[in-house]
Structures are given as C-alpha cells and as structure tokens.
Amino acid sequence: MWSRVRGWGGAVGGSCRLAARLLAGPASGREAAGVARLEGRTHSKIQKLFSTSSVLSTEKDESTASKDSTTEVASKSTAETPKQKLLDIIGNMKVEVSYRKKLQQLKTREIKKQATNKLEGPDGKGSILQKTAEDTQRGKPLSPELVEAASAVASFLPLNKKQTESELIAQLRRHEETTDKQKKGGTINIRNVISEMAIKRQSPAQRGVRISNRISLELDEDGQRIKPERLSPQSFDSRRSLKVGRRLNIFTKASTETENALKTVSSPTIWDLEFAKEIAAITAQPPRNGFEEMIQWTKEGILWEFPIDNEAGMEDDAEFHEHIFLEKHLEDFPKQGPIRHFMELVICGLSKNPYLSVKQKIEHIEWFQKYFEEKKELLQEI
Amino acid sequence: MAARRLGASSWQQVVLLSRRCCLPGGRRERYRCSSSNTALGKTVENSEVTQEEIVLPRRKIWDKLAVLQTLASTVNRDPTAAHYMFQDDPFLMPRNAANSRLFSLSKESGRNAAKYIIKQFPQYFDKTFAEPNIPCLMPETLTPQIEGLSEEALKERIHLRRVKDSVDLFDQLVQAGTPVSLETTNSLLDLLCFYGDGESTPEKEDLEEPGVNASEQEAPKREFQRGSQPSGSRWRENNNAERIFKIMPERNAHSYCTMIRGMVKHGASAKAYDMYIGLLNERHKADVHTFNALITAVPYLKERFLERWELAKVFLNHMAQQEVQPNLLTFNALLKTLRRCGGVGRNMALLVIKEMEALDIEPSLATYDHLLFIFYRGADLCPSGIISEVLGDVGKRSFTPQDPDDANFFATAMQVCCDLKDIKLAYRLNKAMEKGDNWKFLDMDRLNAYWSKFFSLLCMMEQIDVVLKWYKEMSSSLFYPTPKNILDLLQALDAANHLEVIPSVWEDMKQLGFNRRQDLLEELLSLMSRERHPDEIQLAFAKCAEEIKAVHEQTRREQSLLEWTGSTLGHVALLFSRAGRTQEAWNMMERFQQISRIPTDQVMDEFLNCAKKTNCPDEAIKLVKLAASLGLPSSQRLKNRTEKEFELSEKQKKTLESIKSDSDSSDSDSDSDSDRD
C-alpha cells in the first residue's frame with residue numbers, strides 16, 4: 001500500500017508529503033488539532049514550504065513535458081495526477097475513519113472543523129489543502145479565497161494556466177459534492193469511497209519511491225487488512241492444517257508439581273461461582289421425557305430418591321426381605337380358615353410399614369399367636 | 001410417607017424380579033423372547049449352567065439416579081410429537097417456531113414468577129408441609145441476620161450479595177475507624193466488580209441460574225459477548241469500586257486482579273490496561289483469569305490488527321515471565337481476539353492451536369468455533385481442509401462445557417457446511433452432534449438455526465427420498481421449519497419431479513402458520529399449476545387451491561386482508577378448471593375483473609376446456625364476454641372456439657353473436673347479469 005504513496009510522494013515532492021501529513025493527520029483527530037495549531041503558529045513557514053514544493057513539481061512537470069514533447073498532453077497528465085492523488089488521499093482517509101467508532105468519527109469532524117476554521121483565515125493555500133482533503137465547509141459554494149488560491153497554484157505551473165486552474169477548481173467542487181453526499185448518506189457513502197479506493201489501489205503500487213515513515217505507519221493497516229484476504233484463499237490455506245506447523249513458543253509446559261501447587265487456592269470468589277453457573281447453563285436442557293424430569297426433580301431434592309440400593313434399613317441389622325416377607329412367621333398358625341386369612345392381612349400391613357423394626361414386627365405377630373392360643377378353646381367352641 | 005410406601009412396593013418388585021431370575025430352566029424360553037429382559041435371560045442361563053444359587057451382595061450402593069437414567073435412556077424422541085415440555089396441555093401445543101418459543105418462555109417465566117413471589121414474601125411460606133423438608137421449595141433467607149457495625153456483618157452482606165448495603169456498611173466501618181481486613185475488602189471488591197457497582201437484582205441472578213431453560217437466558221448474554229462493546233451495566237467513572245480501591249490502605253494482587261476483571265467485564269478496557277500497568281508497577285503478579293480478561297480486551301485497546309496481535313503477545317509473554325500457566329480459557333480468549341484481527345488472525349490461529357497441543361491443553365468446542373470463524377468467515381471461502389480436520393477431532397470426543405462460547409460451535413459449523421455446500425461434512429457434523437451429550441450444546445434457538453441450515457443443505461444436495469425422510473423425522477418434533485426451508489423443500493420437490501407431495505406440504509404450511517405468506521403461496525401455486533397431472537393429483541391440487549382461496553377470503557380482525565395477485569388468481573382458476581370444478585373456476589375468473597387484472601391465455605383456454613368437458617356452454621359464453629370486456633386479444637379466438645366446440649341453443653348463439661358488437665365493458669356486465677337470470 002505505502003509503496004504507492006511513496007510513488008506519488010516522490011513524483012511531486014515535498015508538497016505532497018506535506019499534504020499527506022495534513023491529510024493523514026486529521027483522520028486521527030488529535031493529530032489534526034496538533035497540525036492545525038502548528039500551522040496557526042507558523043503558517044508563513046508552511047507557505048514557504050508549499051511554494052518551494054510547487055516549484056519542485058513544476059520542475060518535474062517540465063521534465064515530463066520535455067520527454068513527451070507535446071505540451072498539451074503533459075500539462076494534462078500533471079493535472080491528472082494531482083487529481084488522482086487527492087482522490088486517493090480522500091479515499092485513504094475515509095478508510096481510517098471507517099475503522100473508528102461513530103462517536104469518534106463525529107469527534108474527529110468537530111476537531112477538523114475547528115482546525116479548518118483556524119486555518120481558513122490567515123493562509124489561503126493552507127486552506128486549499130485543508131479544503132480538498134477534508135469534508136468541512138459543507139454546503140457553501142467555493143469561497144473566492146479558494147478560487148484565488150487555485151489560480152495562484154496554477155500560475156506556478158508554466159503550462160496552460162487556465163486549464164490547470166479550472167481543473168483544480170473542478171476538483172474542489174467535486175470534493176464539495178462528495179462531502180455533501182457523505183454528510184447526507186453517512187456510512188454508506190464511506191463504503192462507496194472505500195470500494196472506489198480498492199480499485200484505485202492497484203495502479204500506483206508499482207511506483208517505488210521513498211516516503212516518510214509516518215505515512216507508512218498510518219497506511220500500514222490497510223495493507224495488512226486487505227492483502228491477506230486477497231492472497232490467502234488459494235496460496236496459504238490449501239496447505240494449512242491443524243496437524244503441521246509451528247507453535248508460538250511462548251510457554252513451557254508446567255511440571256506437575258507447579259500445577260498441583262497452583263490448584264491449592266483459597267475459597268472460590270464470586271467470579272468462580274458465577275462462571276460455574278454460566279458454564280452449567282450452556283448444556284442445561286429442559287427434560288425430554290418423564291424420566292428425565294424425575295431425574296431433575298431428584299437432583300433438586302423435590303423427589304425422593306429411589307431406594308434402589310439394598311442397604312436401606314440395614315442399620316438395625318435386618319435386611320429388607322426380613323421386613324417384607326413375613327410369611328415364614330405364620331407357620332404356627334392354622335393353614336386355612338379365618339385366622340389364617342386375618343393373619344395374612346396383618347403381615348401384608350406390616351410389610352408395608354416402614355416405621356417398625358423387624359423385631360417389633362415379629363413381636364406383633366407373636367402377640368397374635370399368643371392371643372389366638374389363649375382363645376383357642378373359645379374359638380373352637382364357636 | 002408416600003415415598004416410603006413407594007419404596008416398599010418397589011422392594012417387592014425387586015424381589016419379584018429376582019425370583020423370576022431363579023425360575024427353573026424350563027420356562028427360560030419365554031424370557032429369552034422378550035428382548036427387554038436380555039439381562040435376566042443371561043442370569044437364568046448362568047444358573048442353569050453352574051447350578052449355583054445366586055448370592056445377592058449384602059450391600060450394593062447405586063447412584064440415586066441410576067435407575068432413572070437407565071429408564072430415560074430407553075425413551076426415544078417421538079417424531080410425531082412436540083417437545084416434552086409442551087405435553088402437559090394439548091391446547092398449548094406449539095405449531096411453529098414462534099409459538100414454541102412463546103410457550104417455553106411463558107412456562108419458564110411462570111416458574112420465575114413463582115420463585116419471585118416466594119423470595120419476595122417469605123413470611124407467607126413459613127409452614128413446612130413436606131416431611132422431610134424440601135429446601136429448594138422453601139424461601140431462602142436473604143435478609144442479613146447480623147446487626148450492628150462489624151466486619152462479620154459486612155461479610156454476611158457480601159455473602160448475600162447486597163451491593164449497596166455492603167458499601168454503606170464498609171463506609172460506616174471506615175468512618176468509625178474500624179479497620180477492615182484486606183481479605184474482606186477484597187471480597188467486597190469482587191462483589192462490586194462483578195456487578196459493575198450495580199445492585200444484584202434477583203431477576204439478574206435468575207438469568208444466571210443453571211436450572212433455568214437455557215434458551216431464553218442465553219440470548220442477552222450472547223449479545224453482550226458478540227457486540228463490539230459489552231453492553232449492560234457500564235463501568236462508571238469513580239464508582240464505588242474505584243473509590244474503595246483508592247482508599248484501601250494496602251492492596252494485594254487480588255485487589256488489582258479483580259479490578260481489572262471488573263473493568264473488562266463492564267467495558268472499561270483502557271482503564272483495565274492502566275490498572276494492569278499499576279499492578280506491574282507494584283510488582284505484583286496477575287492471575288490467569290486476569291490475563292484472560294486482558295486478552296479479551298485487546299480488540300478494544302488497539303485499532304490495528306497487527307497491533308492487536310502484538311499486544312496479545314505481550315500479555316502472553318508477561319504470563320510466561322510471571323510463571324502463570326495458561327489454561328484453555330486463555331487460548332480461547334486469544335482466538336476470540338484473533339477473530340477480530342482479519343488476516344493476522346488467519347496466520348496466527350494455527351500457531352495458537354499448536355501451542356495448545358504442545359501444552360497438552362485439550363481444545364473445547366469454543367476453540368473450534370473460533371477457528372472456524374477465523375477461517376470461514378466472509379465471502380471468500382477457504383478449502384474444506386480445516387473444517388474437515390476439526391470435525392475429525394470433534395467426532396472423536398464427547399465434550400463437556402468449559403467455555404461459555406462452546407454453545408456456538410455446532411451452529412457455526414453447520415453454517416460453514418452450508419456455505420461450502422458440502423453435504424458429507426454436514427453428515428459428519430451431525431454425527432458428532434448426536435454423539436454423547438453433545439446435543440445438549442444446542443439450546444432452542446441454536447437448535448432451530450442448526451436444523452434449518454442442515455435441512456436447506458439437504459434440500460439442495462440430497463435425493464428427494466432422503467430429504468423427505470429427514471423432513472418427516474425432524475419437522476415439528478425437532479425443529480420448526482422456516483419459510484425458507486419450505487421454499488427449499490418445494491424447489492427440491494420440483495427438481496425431483498415429485499410434485500404430488502405438494503398437498504401434504506401445504507398441510508404442513510397451514511400447521512406452521514405460513515398459509516398467509518405471499519411468496520410461499522405464489523411458489524406453491526405456480527408449481528401446482530405448471531403442468532397437467534393425473535386426475536387424482538389434480539383433484540388434490542384443487543382442494544389445496546380451494547383452501548388457498550379460503551385463506552384469501554377470510555377476514556379476521558387482527559389480520560390484514562391477503563390480497564389476490566393476478567398470478568395467484570390465475571393459478572387457482574387453472575387448478576379449479578383442471579379438476580373440472582367449473583363453477584368455482586368461474587368465480588375466480590370473475591374476480592379478475594373485480595381486481596382489474598388480466599388473466600393469461602393459458603387460464604382462458606383451460607377454463608374453456610373445462611367448460612367443454614363439463615358441458616357448460618353458459619360458462620363458455622360468459623368467458624367470451626369476460627374476455628371481450630377486458631379487451632383481450634384472445635377474445636375472438638375464444639369466441640370461435642366456443643362456436644365450434646359447443647352445441648349452443650339459439651338463444652345462446654344470439655348472445656354470443658351480440659358480444660362482438662359491444663366491446664364496452666359496462667354493457668357486457670349488464671348482459672352477463674341478465675344472462676345469469
């Protein structure tokens with residue numbers, strides 16, 4: 001990306017560098033203010049710089065003109081390049097802006113506005129740059145100062161003054177238009193500018209001349225962002241794999257001792273508790289059937305646990321079958337008849353009674369046995 | 001009591017079963033036949049072979065859930081029924097995705113309302129009816145029990161998560177000159193930082209309770225994780241946490257760490273970074289959670305991708321220097337940051353994975369989710385190498401949740417399969433999803449997204465039989481198809497030339513509540529009316545058409561009237577004509593005039609054919625009149641056909657003749673009126 005910037009930077013020289021500084025600056029608001037302040041103080045210096053740069057560019061022009069031998073074409077091409085430059089700059093700046101949050105964007109604009117207001121008065125030429133570069137001064141027609149400045153710039157170019165001037169002004173108008181559009185359209189327009197920029201990005205990439213590190217830093221990001229996405233799908237990813245490749249080599253594997261040492265930490269904080277809850281919530285699913293619902297209730301403690309282990313009631317050294325199968329205690333009773341029937345009902349009741357111990361149950365049966373034994377004669381009479 | 005009884009009876013059951021086991025060999029066959037008793041069959045066999053008595057172990061302890069889990073595992077999903085949670089009230093069976101969401105939400109909110117009442121008015125719930133007591137149904141004690149100014153009271157308030165009370169008490173303690181121990185102050189900071197200095201409202205806590213249905217509570221949380229900046233309560237300048245942190249006489253690493261985590265959680269990333277610098281200046285060491293938080297904050301700290309990566313690497317190097325062992329969440333946070341680093345992310349993600357491998361840290365689903373996002377986001381798709389490998393790894397394991405982002409994996413992966421249009425990958429993914437407890441990672445919303453993507457892919461890539469089989473299996477018991485799915489299904493039916501299934505799809509559309517969707521109706525009708533089918537299919541189609549007509553004509557107060565369009569009207573008329581329902585077809589034809597649309601020639605011809613077949617010259621004449629009044633170019637042709645193909649009475653001939661002269665529509669209208677009489 002910045003090779004291209006270098007390209008035109010070299011082609012036109014200092015003025016462009018300055019422009020780029022000015023342009024790249026405002027995108028990150030604070031810098032804009034800084035530059036503006038700087039310029040407020042030493043605008044005469046800048047003017048000087050600017051004028052020399054125009055001379056530089058004129059020289060360049062002449063060289064191209066001599067090469068091409070047709071003056072008309074040459075002047076046109078030089079006029080064309082600045083236009084291109086400016087468009088590119090605007091484009092780049094928009095990308096910068098689009099990365100930021102909307103709020104910041106607004107803030108930057110505010111700062112820009114202030115910066116331009118400062119600049120506008122004292123220095124006509126400064127304001128051209130400001131004007132062309134930034135989206136301030138919206139809605140107003142081109143100020144006479146600007147037109148004047150444009151003609152001043154044109155006068156530095158020896159060839160076809162009129163044409164250069166009109167082209168410069170036309171360019172200014174166009175920026176005014178885009179400014180207006182963006183003011184209305186907001187982010188969508190910014191996107192348009194980006195897409196426009198993406199096309200224009202290609203051509204200047206070949207020109208390789210130096211440019212200051214500052215700009216390269218500013219624009220580095222774009223290159224990083226765009227390039228890998230362009231290149232990667234075929235070239236890199238086809239041989240990408242989870243199995244092969246390097247590692248980061250930052251950490252070393254901890255020995256088990258240190259791991260154990262780490263594990264002995266104090267009581268869980270609220271962070272730990274809530275994280276555990278959050279993790280549990282990921283796989284929390286509503287029950288899919290009645291059994292799962294019962295599982296859930298069991299876990300919540302609503303449902304009694306299924307006594308599926310045979311250890312229940314083992315404390316008094318009696319197993320569950322002794323609690324339930326009490327028929328063996330009926331051997332001394334008659335094998336049939338109403339007493340037998342009665343006793344079967346009794347053991348049925350006893351087997352379902354969880355509150356009595358086995359001993360008590362047997363005692364209960366024995367009591368009946370004794371009772372019927374005592375009444376035996378009476379009963380037989382009946 | 002009841003439960004005990006239940007217990008007793010189940011004892012008997014157990015014994016009954018064990019008795020059966022000891023049955024003599026003669027009756028063995030019977031048990032072998034019943035497939036469910038294979039286990040019993042085995043024991044019987046054993047007893048026969050060894051002739052030994054089975055010795056029951058004196059003590060055998062089972063998990064309290066073992067039986068229930070076994071039973072639950074025998075129940076499969078019923079493809080004809082809605083989810084179990086809807087089954088207690090047949091009236092509230094959801095028919096479509098919106099309903100199911102609404103009903104499940106209302107069920108859950110009812111539960112939450114009950115909980116709220118219990119919490120809010122514990123005084124009304126002081127009777128313990130249950131014996132033994134069931135604590136989870138009783139109100140918790142949420143009011144502080146310890147009164148007065150003391151550190152104990154402060155501790156209690158912190159434990160009860162009363163943010164404001166704790167802060168007040170802390171201030172009072174400080175004012176009274178009572179020193180508060182570092183530990184207590186730290187736990188107060190924990191509380192403040194976790195809640196971002198806002199009160200821990202009971203609703204908020206409910207949202208984070210694990211028992212609650214996952215689907216509804218995840219939504220806001222996900223948003224906060226995905227959004228550019230965490231929403232929710234924001235970190236305010238000079239809030240109580242900062243204030244207390246400043247006035248603390250001594251601070252240890254924990255104080256710094258909890259502040260950093262709180263700041264990151266509540267969106268004050270830059271402050272968190274400054275706090276971290278402060279921690280370094282004090283020569284403390286941060287813990288792994290703090291580093292994880294810092295790594296997640298990286299995208300908010302730096303703008304440029306490379307700078308983000310560099311900063312993340314700085315944190316990692318600090319971890320290594322401070323001898324903090326990274327955990328799974330560290331790497332997941334790193335990958336999550338790389339998601340927002342564009343091409344840098346792609347280049348670095350695999351290095352991160354290798355690093356995890358080298359440290360023997362098993363990736364969780366969130367790791368894979370981030371990986372897929374990094375490699376398969378955007379229009380330019382990578383080749384399927386990575387996802388194939390990821391699925392290979394995922395297929396081998398059953399996952400337990402470890403990272404809040406784990407839940408996203410299956411939906412993301414299905415999206416990638418869909419983008420790659422790779423049905424084989426989708427099948428593999430589905431297999432992995434069904435493995436073990438992996439299905440639990442899909443909550444209701446993600447489940448719908450997952451299956452609807454899968455189904456669209458099936459429609460696109462699979463044989464129609466397979467598609468229909470899946471459709472039958474999944475539809476409305478597993479997920480509710482979206483309109484897009486139905487459209488895909490219709491297109492798949494069209495491609496496979498299986499249009500006779502359309503009436504049943506229409507039934508489903510009615511069920512799903514899509515019967516008023518213009519795009520679907522249009523597609524359905526155009527498919528049905530495109531060609532002539534055998535008569536019975538044509539009859540079934542006409543029935544659908546009738547219902548569609550009814551849909552257009554019903555006016556319910558809450559719904560706006562569904563407008564006829566020229567094409568739908570034409571299709572319906574065509575379907576009626578083909579089924580020989582002349583009168584209904586004519587009713588449709590009349591409607592063309594009412595809504596001032598032009599029927600196509602095909603519709604006119606088909607209607608004439610129908611009139612001919614059912615021998616209704618009157619209708620044919622009416623059609624010619626209609627064509628004339630609409631000024632159609634085909635009117636003359638239709639007239640000729642009518643003259644030739646129908647046996648007309650004198651009067652009818654006369655009427656037909658008269659049509660030619662009056663091309664004025666109003667005239668022909670009055671004519672047709674008189675005709676009808």
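Chain letters run A, B, ... following the sequence lines, proteins first and then strands; every chain starts at 1. Since we're looking at a predicted model, the values are computed, not measured.
- The part of B:Leu371 that comes within reach of chain A is its side chain, from C-beta onward, which places non-hydrogen atoms under 4.5 angstrom from that chain.
- Residues B:Arg161 and A:Ile270 meet the side-chain proximity criterion, which asks for heavy atoms closer than 4.5 Å.
- Looking at B:Arg261, the atoms closer than 4.5 Å to chain A (heavy atoms on both sides) sit in the backbone and in the side chain alike.
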Step by step, work out the side chain to side chain contact (heavy atoms under 4.5 Å, CB included) result for A:Thr283 and B:Asp437. CA-CA 9 Å; A:Thr283 48; B:Asp437 277 347; over 6 Å; no
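- B:Leu365 does not touch chain A: none of its heavy atoms, backbone or side chain, sits under 4.5 Å away.
- Within 6.0 Å of the CD atom in B:Gln87, the count of heavy atoms belonging to other residues, nucleotides or ligands exceeds 12.
- A pairwise comparison of heavy atoms in A:Asn249 and B:Glu355 identifies N-OE1, 2.6 Å as the closest pair.
- Considering all non-hydrogen atoms of both residues, B:Ile134 and A:Gly301 come closest at CG2-O, 3.3 Å.
- Contact annotation for B:Cys341: neither backbone nor side-chain heavy atoms come within less than 4.5 Å of a heavy atom of chain A.
- Neither the backbone nor the side chain of B:Thr400 comes within less than 4.5 Å of any heavy atom of chain A.
- The two residues A:Arg288 and B:Tyr84 come nearest to each other via the heavy atoms O-CB, 3.1 Å.
- Between chain A and the residues B:Pro135, B:Gly392, B:Ala320, the largest count of heavy-atom pairs under 4.5 Å involves B:Ala320.
- Residues A:Trp271 and B:Cys193 have side chains in contact (heavy-atom distance under 4.5 Å, counting atoms from C-beta outward).
- Between A:Pro286 and B:His83, some side-chain heavy-atom pair lies under the 4.5 Å cut-off.
- With sequence neighbours left out, the side chain to side chain contact (heavy atoms under 4.5 Å, CB included) criterion links A:His329 to A:Leu326, A:Ile362, A:Ile365.
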Determine whether A:Met294 and B:Leu65 satisfy the following criterion, side chain to side chain contact (heavy atoms under 4.5 Å, CB included), listing intermediate values before the conclusion. CA-CA 9 Å; A:Met294 284 164 85; B:Leu65 299 175; over 6 Å; no
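- No part of B:His159 comes within reach of chain A, as not one of its non-hydrogen atoms sits under 4.5 angstrom from that chain.
- Under the 4.5 Å side-chain criterion, counting only non-hydrogen atoms from C-beta, B:Asn317 is in contact with A:Ile250.
- Residues A:Ile279 and B:Pro404 form a side-chain contact, since some pair of their non-hydrogen atoms from C-beta on lies under 4.5 Å apart.
- For the pair B:Gln325 (side chain) and A:Thr252 (backbone), a donor-acceptor distance under 3.5 Å is present.
- Residues A:Phe275 and B:Leu329 are in side-chain contact: their nearest non-hydrogen atoms beyond the backbone lie under 4.5 Å apart.
- Nearest heavy-atom pair, B:Cys136 versus A:Glu300, reported as atom, atom and distance to 0.1 Å: SG-O, 3.2 Å.
- Taking B:Pro326, B:Ala358, B:Ser187 one by one and counting their heavy-atom pairs under 4.5 Å with chain A, the maximum is reached by B:Pro326.
- With a 4.5 angstrom heavy-atom cutoff, B:Phe399 does not touch chain A via any of its atoms.
- Between the A:Gln285 side chain and the B:Leu442 main chain, a donor and an acceptor come within less than 3.5 Å of each other.
- For B:Leu316, the parts lying near chain A are the backbone and the side chain together; criterion is any non-hydrogen pair under 4.5 Å.
- Residue contact with chain A, scored on non-hydrogen atoms closer than 4.5 Å, is absent for B:Val288.
- Two residues are said to be in side-chain contact when any heavy atoms from C-beta on lie closer than 4.5 Å; B:Leu68 and A:Thr298 meet this criterion.
- Of the atoms belonging to B:Asp403, it is backbone heavy atoms, and not side-chain ones, that fall under 4.5 Å from chain A.
- The nearest pair of heavy atoms linking B:Val324 to A:Phe251 is O-CE2, 4.1 Å.
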Could you go step by step and tell me if B:Lys440 and A:Ile282 meet the side chain to side chain contact (heavy atoms under 4.5 Å, CB included) rule? CA-CA 8 Å; B:Lys440 285 189 174 172; A:Ile282 294 173; over 6 Å; no
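- For a residue to count as touching a neighbouring chain, one of its non-hydrogen atoms must lie under 4.5 Å from one of that chain's; by this rule B:Gln69 touches chain A with backbone and side chain alike.
- Of all the heavy atoms in B:Ala72 and A:Asn289, the pair that sits closest is O-ND2, 3.7 Å.
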